[in-house]
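Working notes, structure below.
Because the structure is predicted, anything quoted here is derived from the model rather than measured. Below, read A as the first sequence line, B as the second, and so on, with proteins coming before strands; counting in each chain starts at 1.
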2 protein chains.
Amino acid sequence: VYTLGVNLKHDKEKALKTGIDLLRLKGYNKIGVAEICKATGMPKGVFYNTFGSKEDFLIESVIAYGVSSRKAYQKFIADTDGGERAIDRLRSLYKKILVAHARMNYRGCLVCNTMAELGAENPILREVTTKQLNLNLKVIEPVVKQAQKDGDITNATSAKKITELLHLTLVGVSIRAKGLQDVTEGQETMKLLINSLSP
Amino acid sequence: VYTLGVNLKHDKEKALKTGIDLLRLKGYNKIGVAEICKATGMPKGVFYNTFGSKEDFLIESVIAYGVSSRKAYQKFIADTDGGERAIDRLRSLYKKILVAHARMNYRGCLVCNTMAELGAENPILREVTTKQLNLNLKVIEPVVKQAQKDGDITNATSAKKITELLHLTLVGVSIRAKGLQDVTEGQETMKLLINSLSP
């Protein structure tokens, strides 16, 4: 029983990883359970036993994607040499997120893609994606607050509002980069925004 | 023949208007031609004769939506009393766009929704949506340039770059508003951005 449990957990994680890539590329409504099963190698019966429904699979994917995004953000904003300024860690964060977008061929963020695709019609996914976006903002806000203390970002507005501005601009920039299939303009836009926030 | 032509044109415009609302609400991959025909009252045969395919219908919808967006932008940024400052016309533009989003129950912009939904996979829609977004930016850029001349927006960067920053932040803010089903935060974020761009 123990071994079976380990395998199920392994298969579930593998299915989520492959499913997330597929969802980011094609969107939720383009793909069916048959296609997810084909891509993940999970038989249909196991899929329904594991996830319940296609929508539940999306919900688990969005949450898993949110968790892994925040791990990446933590890495990107880490103070690696013990003396890096918060403002430079923010610059590094947005530069590296956009580099990661390009590396994934502009599939975009699963949280924002899903919010854009389903948010108008589906209250459950609206709530799930909003919660994940809020959690992402919470990771960045302390760095913005530190940059304010350092005198590198204006104190005229709260760290929360500035974090929202930074991250929502990233959302728009990422969709634009998907259209352009290029991130050069987006990198400049994020730099311009961060410079505009100096006191 | 002439009368028939007029009716066809009328029916096509009517179908596009209804189709745009449906596409904005549900996204492209959620809906089929049967649903579009049911909503627009256009028989399937006439739909295919008029538009060619579901994808061609989307393309015509995106272009028609772009044209009507720019008409709205022109109205929102108009100098109604002959003495309004460019910076106030920009504030008014973004305030009114967000009010319009709320009024349409956060369906979002069809250009950006389509770029987000199909941009990673579909090169034709990527090009069509990018072109429409570029045309939208062109309407706003002269007002940004005027605000720079008036000394209300920094001259450190080109009007083109600042317009991109403003409008891509709006794109992110609009998706966030779809999740929150509220535009209060978005209005504040756009105000914060415009204030940050003062010289």
Side-chain angles (χ1 to χ4, degrees), chain A residues 24-31 104-108 111-121 123 125-134 154 156-157 161-162 164-181 185-186 188-193 195-198, chain B residues 24-31 104-108 111-121 123 125-134 154 156-157 161-162 164-181 185-186 188-193 195-198:
Chain A
R24 288 172 72 192
L25 179 65
K26 299 193 170 189
Y28 176 69
N29 285 314
K30 178 83 180 277
I31 57 177
M104 285 303 286
N105 299 312
Y106 304 101
R107 279 171 166 82
V111 174
C112 299
N113 286 357
T114 306
M115 199 181 277
E117 187 186 359
L118 303 180
E121 256 219 324
L125 265 302
R126 194 187 290 156
E127 202 188 308
V128 170
T129 53
T130 297
K131 192 177 166 187
Q132 290 302 314
L133 183 51
N134 287 344
T154 175
T157 317
K161 286 299 313 162
I162 290 172
E164 276 164 10
L165 171 56
L166 284 167
H167 218 62
L168 296 181
T169 303
L170 174 79
V171 171
V173 156
S174 302
I175 290 173
R176 169 78 161 163
K178 198 186 268 199
L180 296 171
Q181 296 279 297
E185 185 199 285
E188 284 170 22
T189 302
M190 291 309 300
K191 270 189 220 166
L192 169 58
L193 174 58
N195 289 342
S196 306
L197 293 168
S198 70
Chain B
R24 288 171 73 191
L25 179 66
K26 300 192 169 190
Y28 177 69
N29 285 313
K30 179 84 181 278
I31 56 176
M104 284 302 287
N105 299 312
Y106 306 101
R107 281 170 163 81
V111 174
C112 300
N113 285 357
T114 306
M115 199 181 274
E117 186 185 359
L118 302 180
E121 256 218 325
L125 265 302
R126 193 187 291 153
E127 203 188 307
V128 170
T129 53
T130 297
K131 192 177 167 188
Q132 290 302 314
L133 183 51
N134 287 343
T154 176
T157 318
K161 286 298 313 161
I162 289 172
E164 276 164 11
L165 171 56
L166 284 167
H167 218 64
L168 296 181
T169 303
L170 173 78
V171 171
V173 156
S174 302
I175 290 174
R176 170 78 161 162
K178 198 187 270 198
L180 296 171
Q181 296 281 297
E185 185 198 285
E188 285 171 21
T189 302
M190 291 309 299
K191 271 188 220 166
L192 169 59
L193 174 58
N195 290 342
S196 305
L197 292 168
S198 70

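Residue-environment remark: NZ (K161(B)) exceeds the threshold of 12 foreign heavy atoms within 6.0 Å.
Between chain B and the residues M104(A), H167(A), E185(A), E117(A), the most heavy-atom pairs under 4.5 angstrom are made by E185(A). Counting heavy-atom pairs closer than 4.5 Å to chain A, the top-ranked of the candidates R24(B), R107(B), R176(B) is R176(B). Looking only at heavy-atom pairs under 4.5 Å with chain B, the residue among P123(A), G108(A), A120(A), G186(A) that has the most is A120(A). When each of S174(B), C112(B), G179(B) is checked for heavy-atom pairs under 4.5 Å with chain A, G179(B) comes out on top. Interface remark: of the candidates V128(A), I31(A), L133(A), L133(A) forms the most heavy-atom pairs closer than 4.5 Å to chain B. Ranked by heavy-atom pairs shorter than 4.5 Å toward chain B, the options V171(A), L170(A), L25(A) are led by L25(A). Comparing N105(B), L197(B), L193(B) by heavy-atom pairs within less than 4.5 Å of chain A, the highest count is held by L193(B).
Of the two parts of T129(B), neither the backbone nor the side chain holds a non-hydrogen atom closer than 4.5 Å to a non-hydrogen atom of chain A. Contacts between L125(B) and chain A at a heavy-atom distance below 4.5 Å are absent for every atom of the residue.
Distance check, rounded to the nearest 0.5 Å: NZ of K26(A) to CG of N29(B) gives 10.0 Å. The CG atom of N195(A) lies 11.5 Å from the OG atom of S196(B); values are rounded to the nearest 0.5 Å. Rounded to the nearest 0.5 angstrom, N113(B) CG and I175(A) CD1 are separated by 8.0 Å. Distance CG/N134(B) to CG/L180(A): 7.0 Å, rounded to 0.5 Å. The line from NZ of K30(B) to CD of E121(A) is 4.0 Å long, rounded to the nearest 0.5 Å. Q181(A) contributes atom CD, which lies 12.0 Å from atom CD of E127(B) (distance to the nearest 0.5 angstrom).
For the pair K178(B) (side chain) and A116(A) (backbone), a donor-acceptor distance under 3.5 Å is present.
Within the 4.5 Å cutoff, the side chain of T189(A) has no heavy atoms near those of the T169(B) side chain.
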